[in-house]
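Heavy atoms only: backbone and side chains are in, while hydrogens, waters and symmetry mates are out.
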Amino acid sequence: MKLDSLLREELGNACQKLFGVKPEQLQIQPTNAEFEGSHTLVCFPLTRVSKKKPEETAQAIGEWLTSNSDTVVRVNVVKGFLNLVLNDKVWVQVLNSILKEDNYGITPPTGDEIMVEYSSPNTNKPLHLGHLRNNFLGWSVASLYEAIGYNVHKVQIINDRGIHICKSMAAWKLFGNGETPESSGLKGDKLVGKYYVEFDKAYKKEVNDLIESGVAKEQAEKDAPIMKLAVDMLRKWEQRDTETVDLWKMMNGWVYRGFDETYHQMGVTFDKLYYESETYLLGKEEVLKGLEQGVFFRKEDGSVWVDLTADGLDQKVLLRSDGTSVYMTQDIGTAILRFRDFPKISRQVYTVGNEQEYHFKVLFLILAKLGYQWAKECYHLSYGMVDLPSGKMKSREGTVVDADDLMAEMINEAEAQTRELGKIDEMDQAEAKALFEMIGLGALKFFLLKVDPKKRMMFNPNESIQLQGHTGPFIQYTHARIRSIMRKAAEVKKVNAIVATDLQPQEQRLIHMLTQFPSKLKEAATEYSPALIANYAYDLAKEYNQFYQAIPIFAEKDENKIALRIALSGKVGEVIKKSMMTLGIQVPERM
RNA sequence: GGUCCGGUAGCUCAACUGGAUAGAGCAUCAGCCUUCUAAGCUGACGGUUCGGGGUUCGAGUCCCUGCCGGAUCACCA
């Protein structure tokens, strides 16, 4: 039984009887805490059909309900708001119907398919805080779609091609002395990142030297020997030069193994990886095809462009005058390849920072111009930057927060606080270690996901490592508490269904919150906003703790009430767990 | 300069898409462990929702305007 539709029906009936019309829309909202009741009908919009003042409208509907409906036992009217107090029998009915569902809130597979892309880092730098937000967001959105019945394909595009990787290769060749992850003890991505920085240093010095010797800045930037080496390597790579390709393969291999470790710690996986080196040629083909069809045009120097001025945008280059492809070119190829690989997907979601909004606007327009119907089903899940107290993260200024370091720090902090609280006395080492990770990563993930993805957010390393209050560990703790209740409840005899009884307000509120879970999941998925579920889980945990504090379970004499409270607790625990799962956060049995 | 975001308690964030006296956490202060886990609970303090107009029964939310912050507008990715 759906509480919401039940209420709507009764309220509709009341309007029908009283005013002769059934309004299309009934505005129902949760009652403010300061008034009695759980649901509130907003009566201002009804004055048109009732031909009465808001208060009188509310009064009339309220009176009709109290004398004609079993659902509503009491009402009160505040201005144009009609507050409804529901029958405890109804609450118990609602609870029983929720208890019956084994996988409450989760939609079984519907056959719909969707693709979610996230991560997609460059292969020349280690992952940082911004990637954490990206990965957690993408993973969570994918999980949310799974929860509402979709078959989700999680993918990423690996930018393994281009001048940036050649820069690291050039620097390694010049200064590396054959250094490897094994010989240096450095993670592969860190090692390659180190040479990317080396390149930058050497390059700057060379440019400066040239400028001092009288070369113009622009020319110096082209003539710097190390840059020439990198450009030469890119050319050789495109010509499949064996030595260059081998070096490229080796260094990329280091990066991937390094990234794999980081992804493993993050708890994210991918169903399929796309490599730029494998899609950019398809993109090039498509651009040339579009050129033939007259969708694009060629300038005198040979470069190929798309004209988007009619769409309020600019002209955009798609192939350089030397025929090589740009970022946009490979994204065209990748998109087409993906829809070929997965023809059943109804949507493709790109989890990419908001600094690329323009890029995706252009990409989707181009795909539409090329005649791909699915172009309108491409969605850029654009999220805000993560700022530090010092401002933006800048690799040049060394203010980048490294993903591996941060996760390790969070786990260490979780361990320190857990030990201090003496929580692991009864745990073996493996359980304790798993718990530290769960808490540390839970705190980090929740912190990054509780904020509306669209908004930029602040990360203060000193203050963000917090495990109390509006945090993941608070919710995990609530779950552990509930599990503890459930272990104790195993000794109590089971009942098949909860029998009607009088309820405490805390119990009503918990049931009310449970009824909202399915629609919250749908809302979070369709809005691409894990924050909605994060805050729902927090509110539910908060509400449960109030219940826990105020109402003893096992000290109660009435067996029906004990049964109700145990069942309610169990379901709250389940919903907390499922909510957290969609955020990629695990919850412990004890902590 | 054009375009697009954003501005809410000292700080970090909410606010069910136009509803009631704008809510949480952190920080500060005061209480609650002989009782199911105190990573918890209760209370206090804290607001001209950037300013100014407008729309209506009703605006943090919609429109106009000004101020502030950010992103973007590359033959970069």
For [X], answer base if it contacts any base atom (sugar-phosphate contacts may also be present), sugar-phosphate if it contacts only those atoms, and nothing otherwise; contact means non-hydrogen atoms under 4.0 Å.
X: A/Lys520; value: nothing
X: A/Gln476; value: nothing
X: A/Ala555; value: nothing
X: A/Lys392; value: sugar-phosphate
X: A/Ser569; value: nothing

Which residues pass the side-chain contact (heavy atoms from CB on, under 4.5 Å) test with A/Ser484, sequence neighbours left out?
A/Arg487
Mind checking side-chain contact (heavy atoms from CB on, under 4.5 Å) for A/Arg48 and listing every partner two or more places apart, or none if nothing turns up?
none
Torsion-based syn/anti label for B/C73, 90° from 0 as limit:
anti
Using the glycosidic torsion, which applies to B/U17: syn (within 90° of 0) or anti (everything else)?
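Classified syn.
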I want to verify a distance call: between [options], whose nearest atom is closest to the [X] side chain?
X: A/Arg320; options: B/U72, B/C76, B/A24; answer: B/C76
X: A/Phe474; options: B/C36, B/C41, B/A24; answer: B/C41
X: A/Lys488; options: B/C36, B/A39, B/U72; answer: B/C36
X: A/Tyr327; options: B/A77, B/A71, B/A39; answer: B/A77

Do the side-chain N or O atoms of [X] get closer than 4.0 angstrom to the phosphate oxygens (OP1, OP2) of [N]?
X: A/Gln546; N: B/U42; value: yes
X: A/Tyr477; N: B/A39; value: yes
X: A/Ser484; N: B/C36; value: no

For the pair A/Thr324 (side chain) and A/Arg320 (backbone), establish whether a donor and an acceptor sit closer than 3.5 Å, ignoring hydrogens and angles.
no
Take atom [atom1] in [N] and the same atom in [M], then report the distance between them in whole Å.
N: B/C57; M: B/A39; atom1: C1'; answer: 47 Å
N: B/A9; M: B/U48; atom1: P; answer: 8 Å
N: B/G43; M: B/U12; atom1: P; answer: 26 Å

Kindly state whether the ring of [X] and the ring of [Y] have centres lying under 6.0 angstrom apart.
X: A/Tyr195; Y: A/Phe199; value: no
X: A/His470; Y: A/Tyr538; value: yes
X: A/His39; Y: A/His512; value: yes

With heavy-atom distances below 4.5 Å as the criterion, would you say the side chains of [X] and [Y] are in contact?
X: A/Gln476; Y: A/Met591; result: yes
X: A/Trp248; Y: A/Met169; result: yes
X: A/His479; Y: A/Glu589; result: yes

Please work out which residues in residues 160-170 of chain A have a non-hydrogen atom less than 4.0 Å from an atom of RNA chain B and list them by number.
A/His164
Hey, which sits more toward the 5' end of RNA chain B by its nearest nucleotide, A/Leu319 or A/Leu435?
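Whichever sits nearer the 5' end wins; that is A/Leu435.
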Heavy-atom nearest nucleotide on RNA chain B for A/Tyr358 versus A/Pro552: which residue maps closer to 5'?
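It is A/Pro552 whose nearest nucleotide is closer to the 5' end.
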Any strand, both distances under 3.5 Å, Watson-Crick or G-U wobble: B/U12 pairs with B/A24
For residues 302-312 of chain A, run the donor-acceptor check on the side chains, cut-off 3.5 Å, and write out each pair with its distance to 0.1 Å, sequence neighbours left out.
residue  : atom : partner  : partner atom : Å
A/Ser303 : OG   : A/Asp301 : OD1          : 2.7
A/Ser303 : OG   : A/Trp305 : NE1          : 2.8
A/Asp307 : OD1  : A/Thr309 : N            : 3.0
A/Asp307 : OD1  : A/Thr309 : OG1          : 2.6
A/Asp307 : OD2  : A/Thr309 : OG1          : 3.4

Measure all distances between protein nitrogen or oxygen atoms and nitrogen or oxygen atoms of nucleotides 17-23 of chain B, and list the pairs falling under 3.5 Å.
residue : atom : partner  : partner atom : Å
B/U17   : O4   : A/Glu527 : OE1          : 3.2
B/G19   : O2'  : A/Gln29  : NE2          : 3.4
B/G19   : N7   : A/Gln27  : OE1          : 3.1
B/A20   : N7   : A/Gln29  : NE2          : 3.4
B/A20   : N6   : A/Thr40  : OG1          : 2.7
B/A20   : N6   : A/Asn83  : OD1          : 3.1
B/A20   : N1   : A/Asn83  : OD1          : 3.0
B/A20   : N1   : A/Asn83  : ND2          : 3.4
B/U21   : OP1  : A/Lys79  : NZ           : 2.8
B/U21   : N3   : A/Glu34  : OE1          : 3.4

Shorter than 3.5 Å, N or O on both sides, protein versus nucleotides 2-13 of chain B: list them out with atom names.
residue : atom : partner  : partner atom : Å
B/C13   : OP1  : A/Met458 : N            : 2.5

Just to verify, which of A/Val451, A/Leu132, A/Leu406 counts as forming a side-chain contact (heavy atoms from CB on, under 4.5 Å) with A/Phe459?
A/Leu406
Does A/Arg161 come within less than 4.0 Å of A/Glu278, counting only side-chain N to carboxylate O?
no
Does any N or O donor sit under 3.5 Å from an N or O acceptor when you compare the side chain of A/Thr478 with the base of B/A39?
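No.
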Can you tell me the distance, in whole Å, between the CD1 atom of A/Ile482 and the P atom of B/U37?
12 Å
